[in-house]
Amino acid sequence: MSAAAPVPGVEVLDERTCWELLRQAPYGRFVVVDADGRPDVFPVNHAVDHGSVLFRTADGGKLAAVASGSPVAFEVDGVSGDLAWSVVLRGVAHQVTRMAELLDTASVHLAPWQAGGKGRFVRVRGDLSGRRFPVTGSGWWAVGPAGPGAPA
């Protein structure tokens, strides 16, 4: 796939900046292809660990998609002042099962948000890309009376 033409005002982020933004984001979206071949998206909290993204989960859809070996993506985004940014990690995920790697994850602060057993760890590795761009003056992203995303 060829690179897209540069868009005026869009800054392509270097890898160091992408990892920094991934570290700062409180949550991200884990994107998989389910057993029926459809995309599925799961919001998860995460940690950056050894050049990868790590999150906890229980048995279910995320773990089944990881076991299938299908490509995955992990995405975070945010707004800071007049700039919005987006970072995407595209690659593969695997369940952490080797004892040495499991012991290593014990030092990573990663408490699950949702109650219940989240005893499985998933690691995502791949190619990282990101961009930062000015937010338009339209106010579409502002929190107005109707809630987030509603016109202000």
Check whether any side-chain heavy atom of [X] sits under 4.5 Å from a side-chain heavy atom of [Y], and report yes or no.
{"X": "Thr57", "Y": "Phe55", "answer": "yes"}
{"X": "Asp82", "Y": "Pro134", "answer": "no"}
{"X": "Val31", "Y": "Val88", "answer": "no"}
{"X": "Pro39", "Y": "Val41", "answer": "no"}
{"X": "Leu21", "Y": "Trp19", "answer": "no"}
{"X": "Val44", "Y": "Lys62", "answer": "yes"}

Identify the heavy atoms of [X] and [Y] that sit nearest to each other, and give their distance.
{"X": "Gly130", "Y": "Cys18", "result": "N-SG, 3.5 Å"}
{"X": "Val92", "Y": "Val72", "result": "C-CG2, 3.8 Å"}
{"X": "Gly28", "Y": "Val76", "result": "CA-CG1, 3.7 Å"}
{"X": "Val124", "Y": "Ala93", "result": "CG2-CB, 4.0 Å"}
{"X": "Asn45", "Y": "Pro26", "result": "CB-O, 3.7 Å"}

Do the ring planes of Phe30 and Phe42 sit parallel (below 30°), tilted (30 to 60°) or perpendicular (above 60°)? tilted
Considering residues at least two apart in sequence or located in another chain, which fulfil the side-chain contact (heavy atoms from CB on, under 4.5 Å) criterion with Ala84? Val79, Phe133, Val135
Measure the spacing between [atom1] of [X] and [atom2] of [Y] and express it to the nearest 0.5 Å.
{"X": "Glu75", "Y": "Tyr27", "atom1": "CD", "atom2": "OH", "answer": "9.5 Å"}
{"X": "Leu63", "Y": "Phe121", "atom1": "CG", "atom2": "CZ", "answer": "12.5 Å"}
{"X": "Thr17", "Y": "Arg132", "atom1": "OG1", "atom2": "CZ", "answer": "6.0 Å"}
{"X": "Glu15", "Y": "Leu128", "atom1": "CD", "atom2": "CG", "answer": "5.5 Å"}
{"X": "Asp14", "Y": "Ser129", "atom1": "CG", "atom2": "OG", "answer": "12.0 Å"}

Is there a donor in the side chain of Ser52 and an acceptor in the side chain of Asp49, or the other way round, less than 3.5 Å apart? no
Decide, yes or no, whether a salt bridge links Arg29 with Asp77 under the criterion of side-chain N to carboxylate O below 4.0 Å. yes
Applying the side-chain contact (heavy atoms from CB on, under 4.5 Å) test to Val53, which of Arg125, His46, Arg123 qualifies? His46
Are the side chain of Asp36 and the backbone of Arg38 linked by a donor-acceptor contact shorter than 3.5 Å? no
